[in-house]
Amino acid sequence: MNQIWEIIDGAGAASGTFTPVNVILSLLLAFILGQVLAWVYYFTHSGLSYSKNFVQSLVLITVVVAIIMAVIGNNVITAFGLMGALAIIRFRNVVKDTRDIVYIFCSLVVGMAAGSQRYTIAIIGTVILSLISIYLHLTNFGSHRPHNGFLRFVSSGHIDTGHPAMAVLNRFCGNFTLISAQDEGTGGGVEYAYQLIIRNARKNEQLLTELDEVDGIGNINLVMQEQLLEV
């Protein structure tokens, strides 16, 4: 048991030796922790920018960095040589989401810790980063949505506060704000656009159904904020 704890605590890195057993253990640990980061990213991801290749790259980056750290070892000359070789590479992929950049850095740091045989730091760091990411996802931390929906429809005439459509919106929405009312010309009706705070998004279909049943209302279109912003 003491030998296991010595390996976990990075005894190999402290003594400056990189035996085949230690290297294999480092790569296996990097692979496992890379999988953990990838699964957390998969679970907490939202929006339309999901990429299978990026998720797989998180695992590969962790292992590759662990290999680089094993190659460098305690040799400063080798470290500078690898820096020069890597500087030649040009990365032209544009990362649209800053959250993706954070996960890339996480993979790099975990791979460095595993490759340098600082196993305790690698494991604890991965667990803490994963828990923080899951917490931020479940609590929806940082979201600011004064309005969570955008409604557009065409009315055969002008709408006042006593119109049946207003009664429907009052029943399903905590608040709604008129953005625009555009007259489409002779016989074309009036196109209305509203920002909504919907009480229960699960009742969106019922909202659309009841609006469609109101006389003179047509061409109804409802878009939620997640569809507008999480791209």
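Given the structure is predicted, the values throughout are model-derived calculations rather than measurements. Any value given below was found using the heavy atoms of this structure, including those in side chains, with hydrogens, waters and symmetry copies removed.
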Discussion item. With a 3.5 Å distance limit and no angle check, can you tell me whether N170 reaches the backbone of M166 through a side-chain donor-acceptor pair?
Written reply: yes
Item to complete: Sequence neighbours left out, what passes side-chain hydrogen bond (donor to acceptor under 3.5 Å, both in side chains) with Q206? Give chain and number order.
Response: E210
Discussion item. Which heavy atom of D183 sits nearest to which heavy atom of G189, and what is that distance?
Written reply: OD1-O, 3.3 Å
Worksheet entry | Sidechain-backbone polar pair: R199 side chain, R171 backbone, donor-acceptor under 3.5 Å | yes
Fill in: With sequence neighbours excluded, residues passing side chain to side chain contact (heavy atoms under 4.5 Å, CB included) with N204
I198, A201, L222, M224
Worksheet item: In the single-linkage hydrophobic clustering (I, L, V, M, F, W, Y; side-chain heavy atoms under 4.5 Å), do V65 and L60 co-cluster?
Response: no
Worksheet item: Can you name the nearest heavy-atom pair linking S26 to Q117, along with the distance?
Response: OG-CG, 3.6 Å
Worksheet, complete the sentence: With sequence neighbours left out, the residues meeting side chain to side chain contact (heavy atoms under 4.5 Å, CB included) with L136 are I132, F141
Worksheet item: Between atom CG of L207 and atom CG of L211, what is the distance when rounded to the nearest 0.5 Å?
Response: 5.0 Å
Worksheet item: Under 4.5 Å between any side-chain heavy atoms of L151 and L169, yes or no?
Response: yes
Practice prompt. Flag yes if more than 12 heavy atoms outside D160 fall under 6.0 Å of its CG atom; otherwise flag no.
Written response: yes
Worksheet item: Do the side chain of T44 and the main chain of I134 share a donor and acceptor less than 3.5 angstrom apart?
Response: no
Worksheet item: How about V214 and H163: do any of their side-chain heavy atoms sit closer than 4.5 Å?
Response: yes
Worksheet entry | Verify same cluster id: I24, Y119 (apolar side-chain graph, 4.5 Å) | no
Worksheet item: L25 and L33: same hydrophobic cluster, using ILVMFWY side-chain contacts below 4.5 Å?
Response: yes
Fill in: T126 side-chain N/O to A122 backbone N/O, donor-acceptor pair under 3.5 Å
yes
Fill in: Separation of I72 CD1 from I67 CD1 (nearest 0.5 Å)
12.0 Å
Worksheet item: Hey, quick one: are V102 and V59 part of the same hydrophobic cluster, counting side-chain heavy atoms closer than 4.5 Å, chains of contacts allowed?
Response: no
Item to complete: Kindly give the heavy-atom pair with the smallest separation between L58 and A38, and that separation in Å.
Response: CD1-CA, 4.2 Å
Response to the item:
Across all chains, not counting sequence neighbours, the side-chain hydrogen bond (donor to acceptor under 3.5 Å, both in side chains) partners of S130 are none
Discussion item. Could you measure the distance from the OG atom of S155 to the CG atom of D215? Nearest 0.5 Å is fine.
Written reply: 10.5 Å
Worksheet item: Rounded to the nearest 0.5 Å, how far does CZ of F176 lie from CD of Q195?
Response: 13.0 Å
Item to complete: Sequence neighbours left out, what passes ring pair (Phe, Tyr, Trp, His ring centres under 6.0 Å) with Y192? Give chain and number order.
Response: F153
Fill in: Heavy-atom closest contact (I121 atom, A113 atom, distance)
CG2-CB, 4.4 Å
Item to complete: Begin with the C-alpha distance, continue with both residues' side-chain angles, and end with the deciding distance and a verdict on side-chain contact (heavy atoms from CB on, under 4.5 Å) for I197 and C173.
Response: CA-CA 5 Å; I197 298 179; C173 303; 5.7 Å; no
Discussion item. Could you report the tightest heavy-atom contact between G34 and T62, atom names first, then the distance?
Written reply: CA-OG1, 3.7 Å
Worksheet entry | Identified ring pair (Phe, Tyr, Trp, His ring centres under 6.0 Å) partner of Y103 from the options W39, F54, Y41, Y42 | Y41
Discussion item. Is there a continuous path of hydrophobic side-chain contacts, each under 4.5 Å between heavy atoms, that joins V109 to I128?
Written reply: no
Response to the item:
Rounded to the nearest 0.5 Å, the CD atom of E191 sits from the CD atom of Q182 at a distance of 6.0 Å
Practice prompt. Output, in order, the C-alpha distance, side-chain angles, deciding distance and verdict of side-chain contact (heavy atoms from CB on, under 4.5 Å) for V168 and E213.
Written response: CA-CA 10 Å; V168 175; E213 292 175 353; over 6 Å; no
Worksheet entry | Trace of the side-chain contact (heavy atoms from CB on, under 4.5 Å) decision for L29 with I123 | CA-CA 8 Å; L29 182 62; I123 294 172; 4.0 Å; yes
Worksheet item: Which pair of heavy atoms, one from R99 and one from H45, lies closest together, and at what distance?
Response: NH2-N, 3.7 Å
Discussion item. Using side-chain heavy atoms (C-beta onward) and a distance below 4.5 Å, is F172 in contact with L196?
Written reply: no
Worksheet item: Could you state the interatomic distance from CD1 (I159) to OG1 (T161), rounded to the nearest 0.5 Å?
Response: 11.0 Å
Worksheet entry | Those residues that, when tested against H137, pass ring pair (Phe, Tyr, Trp, His ring centres under 6.0 Å) (two or more places apart) | F43
